**Student:** 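Just passing along the structure, written as structure tokens.
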Amino acid sequence: MSMILIVEDENSIGEIVELNLKLANHNAIRVATAEEAIELINNGRNFDIAILDIMLPGMDGIQLCGEIRKKDSQMGIIMLSAKSQERDKIYALSTGADDYVTKPFGVQELIARVESLMRRVKRDAQPEQEGEILQSGPFTLDLKSRILYKNKQMIDLTSVEFNIMELFFRNAETAMVREKILEGVWGENYFGDVKIVDVNIRRLRIKIEEDPSNPQHIVTVWGYGYRWTV
Ligand code: CA
């Protein structure tokens with residue numbers, strides 16, 4: 001059974017999310033502050049997915065996301081943001097969140113997002129092609145350990161970033177429309193918007209490009225999407 005962490009200071013929202021996750025057969029632990037969440041993780045609690053509200057007393061959800069990512073690149077992270085926090089949302093994704101849901105949200109939509117992210121996280125834990133290694137120029141993608149190397153240097157990626165790289169490696173030198181990347185990585189039933197692709201690409205460029213503002217590998221195809229080239 002999966003374990004989900006909920007960090008939400010608004011009791012009524014936290015409660016309904018927790019209840020519905022449990023009704024959908026997930027384990028869930030709910031805390032009201034980022035500090036409590038960090039304590040749980042430091043005490044060795046493992047979570048498949050974390051749902052983080054952005055506005056929290058004390059440390060906010062975005063900082064918490066960054067703290068979690070320092071220790072754990074595999075955990076799925078969904079941010080909860082208010083409509084007025086559009087900029088925060090994009091910033092949160094750049095610190096390593098996988099998805100976001102805007103308040104007010106339908107709890108069933110949130111559960112659907114959790115389960116879609118869960119499938120990605122679990123798929124990552126059991127790669128289908130064990131031992132397979134993909135090579136592209138100076139880059140090596142080890143599908144078994146799910147590690148990317150550039151000139152034998154390890155590059156730390158989140159699950160989503162890894163899946164994007166795998167998609168690129170399998171479609172090298174091919175212009176890929178953003179919707180196709182969204183479908184290939186987030187799944188066909190994902191109903192978020194394609195901006196999430198751009199945010200992840202921006203983050204990947206910072207990790208893999210010599211000069212992220214002048215990318216040589218993840219090239220923008222204007223008005224279309226991206227192309228992987230080495
Ligand atoms: Ca809040």
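One-based numbering, in listed order, for ligands and for the atoms of each. Please read all numbers here as calculations on a predicted model, not as lab measurements. One is the number of the first residue; the rest follow in order along the sequence.
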**Student:** Only counting residues at least two apart or in another chain, list the ones meeting side-chain hydrogen bond (donor to acceptor under 3.5 Å, both in side chains) with Ser73.
**Tutor:**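 Ser73 satisfies side-chain hydrogen bond (donor to acceptor under 3.5 Å, both in side chains) with no other residue.
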
**Student:** Check Glu183 with Lys180, please: is the shortest side-chain N to carboxylate O separation under 4.0 Å?
**Tutor:**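 No, this pair does not count.
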
**Student:** Is the closest basic N to carboxylate O distance between Lys22 and Glu18 below 4.0 Å?
**Tutor:**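 Yes.
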
**Student:** Verify whether the ring centers belonging to Phe168 and His217 lie closer than 6.0 Å.
**Tutor:** no

**Student:** Of all the heavy-atom pairs spanning Glu161 and Leu204, show the shortest one and how long it is.
**Tutor:** CB-CD2, 3.8 Å

**Student:** Before giving the answer on side chain to side chain contact (heavy atoms under 4.5 Å, CB included), spell out for Leu19 and Val107 the whole-Å C-alpha distance, their side-chain angles and the decisive distance to 0.1 Å.
**Tutor:** CA-CA 10 Å; Leu19 177 70; Val107 71; over 6 Å; no

**Student:** What protein N/O/S atoms are there under 3.0 Å from the Ca ion (ligand 1), waters excluded?
**Tutor:**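 Protein N/O/S atoms under 3.0 Å of the Ca ion (ligand 1): Asp9 OD1, Asp53 OD2, Met55 O.
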
